Novice: 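Got a structure here, written out as structure tokens. Questions coming.
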Amino acid sequence: MDPQQELFSALLLELKKQYPGSVYDTFLPSEGTPYPFVYLADSDLNDRANKTAVFGTASQTIHVWHDNPRQRGTVSQMLLQIKQICRHLEHTGNFSWSVQDLNQRILPDTTTNQPLLHGIVEVTFLFS
């Protein structure tokens with residue numbers, strides 16, 4: 001399996017365990033979906049190979065949206081749990097993983113009629 005897909009699948013499974021019924025991928029959920037929710041977004045891969053192995057970096061962006069901007073602590077706690085899931089991911093079927101870089105942001109989102117709070121985790125993993 002492609003390292004990027006293997007990482008995506010592993011994170012998706014762990015996030016669904018942590019937030020059953022509130023994790024989405026491929027497309028944002030439809031209008032009327034209960035908040036808060038998690039969205040597994042874009043991925044990036046930079047790999048190299050030698051005679052015996054493939055290694056490199058894979059990045060994943062994970063979003064959290066909440067419809068109550070006054071509950072920043074809830075978004076912050078969810079981002080912490082997501083970062084912990086990322087940091088605990090060490091092995092998948094074909095690769096070993098370690099977090100190389102992790103960035104977190106929380107910002108207001110005014111793209112809908114209702115003000116939202118938007119949390120973003122951008123994580124880069126080393127794999128071998």
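Since the model is a prediction, treat every value here as computed from it, not as a measurement.
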Novice: If you round to the nearest 0.5 Å, how far is CD1 of Ile106 from CD1 of Ile120?
Specialist: 10.0 Å
Novice: Between OG of Ser59 and CG of Asp101, what distance do you get to the nearest 0.5 Å?
Specialist: 8.0 Å
Novice: Could you tell me whether the side chains of Gln100 and Thr124 share a donor-acceptor contact shorter than 3.5 Å?
Specialist: no
Novice: Without swapping roles, check the side chain of Glu6 against the backbone of Asn94 for a donor-acceptor pair under 3.5 Å.
Specialist: yes
Novice: Got a second to check how far Met1's CE is from Ser9's OG, nearest 0.5 Å?
Specialist: 5.0 Å
Novice: Are the side chains of His118 and Val64 in touch, meaning some heavy atoms are under 4.5 Å apart?
Specialist: no
Novice: Would you call Leu117 and Asp109 a side-chain contact if the rule is heavy atoms closer than 4.5 Å?
Specialist: no
Novice: Does the side chain of Lys83 reach to within under 4.5 Å of the side chain of Leu102, using non-hydrogen atoms?
Specialist: yes
Novice: Are Leu126 and Leu11 grouped together when hydrophobic residues (ILVMFWY) are joined by side-chain heavy atoms under 4.5 angstrom apart?
Specialist: no
Novice: Phe37 vs Tyr35 aromatic rings, parallel, tilted or perpendicular, using cut-offs 30° and 60°?
Specialist: tilted
Novice: Below 4.5 Å, heavy atoms only, C-beta onward: do Glu14 and Leu89 meet side chain to side chain?
Specialist: no
Novice: Calculate, to the nearest 0.5 Å, the distance between atoms CD and CG belonging to Gln81 and Leu15 respectively.
Specialist: 10.0 Å
Novice: Within this structure, what is the CD-CG distance for the pair Gln4 and Asp44, rounded to the nearest 0.5 Å?
Specialist: 7.0 Å
Novice: Within the distance-only criterion (no hydrogens, no angle test), does the side chain of Thr33 pair as donor or acceptor with the backbone N or O of Ser30 below 3.5 angstrom?
Specialist: yes
Novice: Do any pairs count as a salt bridge (charged side-chain N to carboxylate O under 4.0 Å, His left out) and have a residue in residues 115-128, sequence neighbours left out, and if so which ones?
Specialist: Arg105-Glu122
Novice: How long is the span from the CD1 atom in Ile82 to the CD atom in Gln60, to the nearest 0.5 Å?
Specialist: 11.0 Å
Novice: Name all residues meeting the ring-ring contact (aromatic ring centres under 6.0 Å, His included) criterion together with Phe127; count only those two or more places apart in sequence or in a different chain, and write none if there are none.
Specialist: Phe95, Trp97
Novice: Side chains of Tyr24 and Leu40: does their closest heavy-atom pair fall under 4.5 Å?
Specialist: no
